[in-house]
Amino acid sequence: MSPVLEIRDIKRDYRLPGGLFRQDKVIHAVKGVSFALEKGKTLAIVGESGCGKSTLARILTMIDAPTAGELFIEGKRVDIAKDGLSPEMRRKVQIVFQNPYGSLNPRQKVGEVLMEPLVINQTDMPASERRERAQGMLKKVGLGPEHFNRYPHMFSGGQRQRIAIARALMLNPSLLVLDEPVSALDLSVQAQVLNLLADLQDEFGLTYVFISHDLSVVRYIADEVMVMYFGEAVEHGTRDAVFSNPQHSYTKTLFAATPRASVENIKARLARKAAA
Amino acid sequence: MSILLEIENLSVEFETASGPFRAVDGVSMKVHEGEVLAIVGESGSGKSVSMLAVMGLLPWTAKVRADKMLFQGRDLLGLDASARRKLVGKDMAMIFQEPMASLNPCFTVGFQIEEVLRVHLGLDRKARRARAIELLDAVGIPDPASRLSAYPHQMSGGQCQRVMIAVAIACNPKLLIADEPTTALDVTIQKQILDLLMRLQAEHGMGLIMITHNMGVVAETADRVVVQYKGKKMEEADVLSLFENPQHPYTKALLAALPENATGDRLPTVSAAAFEEVLQ
Ligand SMILES: Nc1ncnc2c1ncn2[C@@H]1O[C@H](COP(=O)(O)OP(=O)(O)OP(=O)(O)O)[C@@H](O)[C@H]1O
Ligand SMILES: Nc1ncnc2c1ncn2[C@@H]1O[C@H](COP(=O)(O)OP(=O)(O)OP(=O)(O)O)[C@@H](O)[C@H]1O
Ligand SMILES: [Mg+2]
Ligand SMILES: [Mg+2]
C-alpha cells in the first residue's frame, strides 16, 4: 500500500531581521525530516517546545512551503510554491491549529463556522441539513445547541479547542494534522474527543498526524511515534518500541520528567517540603 | 500566614442570545501567602471566568456579584479604574490561558516585557532590558537577547506561553494566577517552569492559584485543591486527602479518567449521568 503522506528531507529556515548593525539571524527550524505514513494510521510527534513541530505541521498541510525537500500526498508530489493548491487538496488535508482562538473569525458565530465548509463544498445541500450536521458535530465534541449562535469569544479555552476540531471534521478530510488539539481539555472531555477521533479513524480510515506534549495521550492514540529535537527527528518507531525501549537521551529525559498523579508522589513531595 | 485573597459567594452571569447564563455560581475560596491552591474541573466550569472576575478583566456583558472579594483586605469590587491599574500586573498578575492570543501581535516580545517594568517599577531603559533578558532566560528561552526583537508570530506556541509567564512574574507579584500555564510545554520545560514558580512562591511568599486539568501538575505543586463543576465548587481538600480519599463523585470520576488508568482500547469518560442527581 502506498503511503497517504510522505516527506523527504524537509527543511525550513526562518530569517529574523537583525537591525542596523547586526546581521540577519537564520533559524533552522526544521533540518531535514523524512517519514512515510500509511492510510488509517496515527503518527504522534513529540518534542521540546520550539523544536519545529508546528512548522512541520504547516508544511504537511500545505499552508507553508518548505525551504527544501519534497512532500507527497497520496503519492502525488505537491509543490505549493510552484503549482498552488487545488480546492480538492485543500479539503482533503485539514489542520487543527495550536492556537484555536487565532484561527477562528471573531465576527462569525460558531454555527456559521461549522456550516461554512458545507456551503462552499456541497452547494446542493439544503440549509436545514447543513444546520443539522453542524449541530450533530457540536454534540459530538460535547457542546450543545445553545452554543450554536455564540461568537468565539464567548467560549472557554477548552470549548474553543473543540470548535476548532469540529470545524476540521466537518469537511470529511482524509488526512488531519492536529497540533496540540486536547491540551486545554480536562480528562473527561479529552477522553470524549479522543474516542471520537478513534471512531472516525475506524469508520472512515482517517490518517492523523498528532502533535502532543502529553505522553499519556500519545501512548493511547499513536501507532507510531516520532521524537523531534532541535529541528531533527531523533527517534521514530512504533509506539511500543519507543515507549518500552527509548533510544535517544532526550526521549529518556522526557519519560523521566513526566509528573505522576500518584499518592506516593504527593507524599514524597510533602515530606521534602517539611524537611526543607 | 495572612490571607492574600478572600472570595465569598462569587457569581458571574453573562447576557446571551438565549437569556442570562450563570458561568460562576456562589464560589468561595481563600488563598494565603506562600500557598499553592489548584483549581481543577471540567472544561467550561467557570475556572477562567472566576479568576478574570478577580482581576477585573471580564467584558461588560458579565455581571459580577460577591459578598466579599478582598485582596490583602482591600475590596476589589469597589476599586476605581486607576487603583486597579496600579494593582493588576504588579501585586496581582495572571498568566492567561491562551498565550498566542493574549500577547499583542503588534509589539515585540521585548517591548511587552519592558512595558510592565516601565509602568509598574519605573526602571530605566538599560535596567529594563537587562531584566527582560534575565526573565526570558529564567523561562528557558534560548538566546534571550536576540529574541527580544521577535514578534509573537515568530515564536512557537510554547515560547509565547513562556513570554506570558515572564510578563506575569516580571514585578514579583504577591499573588499569581496561572491559568493552564504549561499546556504548550513539553514535560522537561514544564518541570523547569513549575520549579521556577515554586521557587518564587517559596522565596517571596507568593500566593499561587494554579488552574490546571493536569492531575500530575496538581500532584507536583498544590497544597490545596478546589474542584469545580458547572460553575459550582464541588469539593475542597488538601492535596493528599483529595487523591487518597476523593469525596465528590465528579472528583472520583476525574481521577479514574486518567489515561494511565485506561483499560482496554477506550478511554473512560466521566459520565455526567453518574453524578448529576447528586448535584440536585
Ligand atoms: N515566523 C517565524 N519567524 C522566525 N522564527 C520562527 C517563526 N516561526 C517559528 N519560528 C521559530 O522556529 C522554531 C520552531 O518553531 P515551531 O513553532 O515549529 O516549534 P514547536 O515545536 O511547534 O514548539 P511548541 O511546542 O512550543 O509549539 C522556534 O525556535 C521558533 O521561535
Ligand atoms: N463572554 C461570554 N459570554 C457568554 N458565555 C461565556 C462568556 N465567556 C465565557 N462564557 C461561558 O462561561 C462558562 C465558563 O467559562 P470558563 O472560561 O470560565 O471555563 P473554564 O472552566 O476556564 O474552561 P476551560 O477548562 O475549557 O478553559 C463556559 O460555559 C463559557 O461558555
Ligand atoms: Mg507548536
Ligand atoms: Mg479556562
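Computed from a prediction, not measured in an experiment: that's the story for all the values here. Every chain is numbered from 1 and lettered A, B, ... according to where its sequence line falls, protein lines coming before strand lines.
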Measure distances from B:T61 to the heavy atoms of chain A and classify the residue's part below 4.5 Å as side chain, backbone, both or neither.
-> neither

Measure from NZ or CZ of A:R150 to the centre of the six-membered ring of B:F21, then state whether that distance is under 6.0 Å and the direction lies within 45° of the axis.
-> yes

Part of A:S54 within contact of chain B (heavy atom distance under 4.5 Å) = neither

With sequence neighbours left out, what residues match A:A65 under side-chain contact (heavy atoms from CB on, under 4.5 Å)?
-> A:I80, A:A81

Lys/Arg N to Asp/Glu carboxylate O, B:E98 vs A:R160, below 4.0 Å | yes

Side-chain heavy atoms of A:N265 within contact of B:E220, under 4.5 Å = yes

Is the number of heavy atoms from other residues, nucleotides or ligands under 6.0 Å of A:K31 NZ greater than 12?
-> yes

Residue from A:M154, A:E146, A:R162 scoring the most non-hydrogen pairs under 4.5 Å with chain B is A:R162

Take atom NZ of A:K139 as the centre, draw a 6.0 Å sphere, and report whether it contains more than 12 heavy atoms from other residues, nucleotides or ligands.
-> no

Closest-packed option against chain A by number of heavy-atom pairs under 4.5 Å, given B:M100, B:K191, B:K47 = B:M100

Beyond-backbone contact of B:V187 with A:H213, side-chain heavy atoms, under 4.5 angstrom | no

Proximity of residues 139-148 of chain B to chain A, residues having a non-hydrogen atom under 4.5 angstrom = B:D143, B:S146, B:R147

Would a 4.5 Å heavy-atom cut-off, applied to side chains only, mark B:S156 and A:K53 as touching?
-> no

Closest non-hydrogen atoms of A:S188 and B:E42, given as atom of the first, atom of the second and distance, are OG-OE2, 3.7 Å

Option that, when pairs with chain B are counted at under 4.5 Å, heavy atom only, ranks first among A:E48, A:K25, A:K267 | A:E48

Against chain B, label A:F255 side chain, backbone, both or neither, depending on which of its atoms sit under 4.5 Å from a heavy atom there.
-> neither

Looking only at atom types and distance, does a side-chain atom of A:R260 sit under 3.5 Å from a main-chain N or O of B:A219, one as donor and one as acceptor?
-> no

Would you call B:M215 and A:L187 a side-chain contact if the rule is heavy atoms closer than 4.5 Å?
-> yes

Pair count under 4.5 Å, heavy atoms only, with chain A: among B:S43, B:G158, B:S18, highest is B:S43

Selection from A:S49, A:G158, A:G47 maximising heavy-atom pairs under 4.5 Å formed with chain B = A:S49

Heaviest contributor of heavy-atom pairs below 4.5 Å to chain A, chosen from B:I189, B:D186, B:T183, B:V239, is B:D186

Could you tell me whether the side chain of A:L254 reaches within less than 4.5 Å of the side chain of B:T188, counting heavy atoms only?
-> yes

Say you draw a straight line from OG of A:S262 to CG of B:L255; how long is it, rounded to the nearest 0.5 Å?
-> 11.5 Å

Considering all heavy atoms, the nearest A:A261-B:G216 contact | CB-N, 3.8 Å

So, for B:H213 and A:L185, which heavy atoms are closest and what is the spacing to 0.1 Å?
-> CD2-O, 2.9 Å

With a 4.5 angstrom heavy-atom cut-off, which part of B:V218 approaches chain A: side chain, backbone, both or neither?
-> backbone

Once you round to the nearest 0.5 Å, how far does CD of B:E180 lie from CG of A:D186?
-> 9.0 Å

Any idea which heavy atoms bring A:Q98 and B:A184 closest together, and the distance?
-> NE2-CB, 4.0 Å

Engaged part of A:L270 at the chain B interface, taking heavy atoms whose separation is under 4.5 Å = side chain

With only heavy atoms counted, which part of A:Y14 is less than 4.5 Å from chain B, the side chain, the backbone, both or neither?
-> neither

Taking the side chain as C-beta and beyond, is there a heavy-atom pair between A:I27 and B:Q154 under 4.5 Å?
-> no

Measure A:R219 against the heavy atoms of chain B and call it side chain, backbone, both or neither at under 4.5 Å.
-> neither

Of the backbone (N, CA, C, O) and the side chain (C-beta and beyond), which part of A:V263 lies under 4.5 Å from a heavy atom of chain B, both, or neither?
-> both

Value for CG (A:D214) from CG (B:N214), rounded to nearest 0.5 Å, stands at 6.5 Å

Sort B:Q190 into side chain, backbone, both or neither according to what part of it lies under 4.5 angstrom from a heavy atom of chain A.
-> side chain

